Amino acid sequence: SRIVALTLLFLIVIFFWTAFYHNGFALTLFAERSTKALSWLRPETYQFFEPAFILILTPILLAVFARWNARGREPSTPIKIFSGLLIMAASMLVMVLASLAGGNKDLPLMSPAWLIGSYFLVTLAEILISPMGQSYVSKVAPPRLAGLMMGGWFAATALGSYGSGLLGKQYGRFAH
């Protein structure tokens, strides 16, 4: 049952990583094609926000979880991972709304706030999924298969990255 649970987790996180890796190219293309350029914020500099948000949000989330733990109310790891998936879906929804609000015209009309908000949500989701998922794998995997199961986690990450690349090859053919 542990291996089945981990296999399901691996299948689920493939979709997370597929969406996550779009921040390196699809969101940069949106910044280039559809977002107002500022002197200090060019399309390639949006990549700054994800690591900055990791540095800002990680200690905050750790403090929140510690406080909840002290009160006996900390959510389980699967709930945190599921929350991360929902937050990733919300980040995609932000960009759908941005596209519907004019970002699909390929004119520099859109506020940088759309992308910054999306990066915020992507980073929050990543913090809830990546370290939590690795921790879950190390706790749930049978001891004699722990290395193999951790390899499954990284294989799921690789498949998600590959899936993102496959979608990226078709990006020019898709409407925003």
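For the single chain, residues carry numbers from 1 onward in sequence order. Below, all heavy atoms of this structure are taken into account, side chains as well, without hydrogens, waters or symmetry copies. In this text, all values refer to a predicted model and were calculated from it rather than measured experimentally.
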For this session: Might you point out which heavy atoms bring T18 and G163 nearest each other, and give the distance in Å?
Result: CG2-C, 3.9 Å

Exercise. So with a 6.0 Å cut-off around CZ of F25, is the heavy-atom count from everything else above 12?
Worked result: yes

Exercise. Are L97 and L86 connected, step by step, through hydrophobic side chains (Ile, Leu, Val, Met, Phe, Trp, Tyr) whose heavy atoms are closer than 4.5 Å?
Worked result: no

Exercise. Around atom CZ of F65, are there more than 12 heavy atoms of other residues, nucleotides or ligands at under 6.0 Å?
Worked result: yes

Exercise. Can you name the nearest heavy-atom pair linking T77 to M132, along with the distance?
Worked result: CG2-O, 3.4 Å

Seminar exercise, completed: Here the gap from L55 atom CG to I60 atom CD1, rounded to the nearest 0.5 Å, amounts to 11.0 Å

Problem set entry | Nearest atoms (heavy-atom pairs only) where R42 meets A37 | NH1-CB, 3.2 Å

Exercise. Is any side-chain heavy atom of L9 less than 4.5 Å from a side-chain heavy atom of V140?
Worked result: no

Problem set entry | Heavy-atom closest pair, residues S118 and S91 | OG-O, 3.5 Å

Exercise. How far apart are the closest heavy atoms of F16 and A125, and which atoms are they?
Worked result: CE1-CB, 4.0 Å

For this session: Say whether L85 and F53 are linked into one hydrophobic cluster, either directly or through other cluster members, by side-chain heavy-atom distances under 4.5 angstrom.
Result: yes

For this session: Output the distance between atom CG (L57) and atom CD (E50), rounded to the nearest 0.5 Å.
Result: 10.5 Å

For this session: Before giving the answer on side-chain contact (heavy atoms from CB on, under 4.5 Å), spell out for M110 and F30 the whole-Å C-alpha distance, their side-chain angles and the decisive distance to 0.1 Å.
Result: CA-CA 9 Å; M110 304 307 296; F30 188 90; 3.9 Å; yes

Exercise. With the 4.5 Å side-chain cut-off for hydrophobic clustering, are F154 and F20 part of the same group?
Worked result: yes

Problem set entry | Carboxylate-amine/guanidinium proximity below 4.0 Å for K80 and E74 | yes

For this session: May I ask whether F48 and I127 are part of the same hydrophobic cluster, defined by side-chain heavy atoms of I, L, V, M, F, W, Y residues being less than 4.5 angstrom apart, directly or through others?
Result: yes

For this session: Report the C-alpha distance between L167 and Q170 in whole Å, list the side-chain angles of each, state the deciding distance to 0.1 Å, and finish with yes or no for side-chain contact (heavy atoms from CB on, under 4.5 Å).
Result: CA-CA 5 Å; L167 285 173; Q170 306 301 321; 5.8 Å; no

Exercise. Hey, does Y136 have a side-chain heavy atom less than 4.5 Å from the side chain of L6?
Worked result: yes

Exercise. Under 4.5 Å between any side-chain heavy atoms of W17 and S164, yes or no?
Worked result: no

Problem set entry | Geometric class of the F10/W153 ring pair [parallel <30°, tilted 30-60°, perpendicular >60°] | perpendicular

Exercise. Roughly how far apart are L29 CG and D106 CG, rounded to 0.5 Å?
Worked result: 9.5 Å

Problem set entry | Side-chain touch S138/M150, heavy atoms, less than 4.5 angstrom | yes

Problem set entry | Point-to-point distance, once rounded to the nearest 0.5 Å, from OG of S34 to CG of L107 | 7.5 Å

Seminar exercise, completed: Taken to the nearest 0.5 Å, the spacing of N69 CG from L62 CG works out to 11.5 Å

Exercise. Quick one: does T45's side chain have a donor or acceptor within less than 3.5 Å of a partner on L41's backbone?
Worked result: no

Exercise. Going by atom types only, do T28 and Q47 share a side-chain donor-acceptor pair under 3.5 Å?
Worked result: yes

Exercise. Does the pair T157 and V13 meet the rule for a side-chain contact (heavy atoms from CB on, under 4.5 Å), with working shown?
Worked result: CA-CA 7 Å; T157 303; V13 299; 5.7 Å; no

Exercise. Between atom CH2 of W114 and atom OG1 of T35, what is the distance when rounded to the nearest 0.5 Å?
Worked result: 11.0 Å

Problem set entry | Side chain S99, main chain M95, donor-acceptor under 3.5 Å | yes

Exercise. Closest approach of G102 and L109, non-hydrogen atoms and distance?
Worked result: O-CD1, 4.4 Å

Exercise. When you look at S135 and K139, which way does the side-chain contact (heavy atoms from CB on, under 4.5 Å) test go after all the steps?
Worked result: CA-CA 6 Å; S135 172; K139 289 177 186 173; 3.3 Å; yes

Exercise. Any donor and acceptor pair, going by atom type alone, linking the side chain of T7 with main-chain N or O of I3 inside 3.5 Å?
Worked result: yes

Exercise. Quick one: which of V122, L121, I116 gives a side chain to side chain contact (heavy atoms under 4.5 Å, CB included) with V94?
Worked result: L121

Exercise. Quick one: do L27 and L93 end up in the same hydrophobic cluster if we chain Ile, Leu, Val, Met, Phe, Trp and Tyr together by side-chain heavy atoms under 4.5 Å apart?
Worked result: yes

Exercise. Is Y119 reaching over with its side chain to a backbone N or O of N23, donor-acceptor style, under 3.5 angstrom?
Worked result: yes

For this session: Please check if the side chain of T58 supplies one atom and the backbone of I54 the other of a donor-acceptor pair under 3.5 Å.
Result: yes

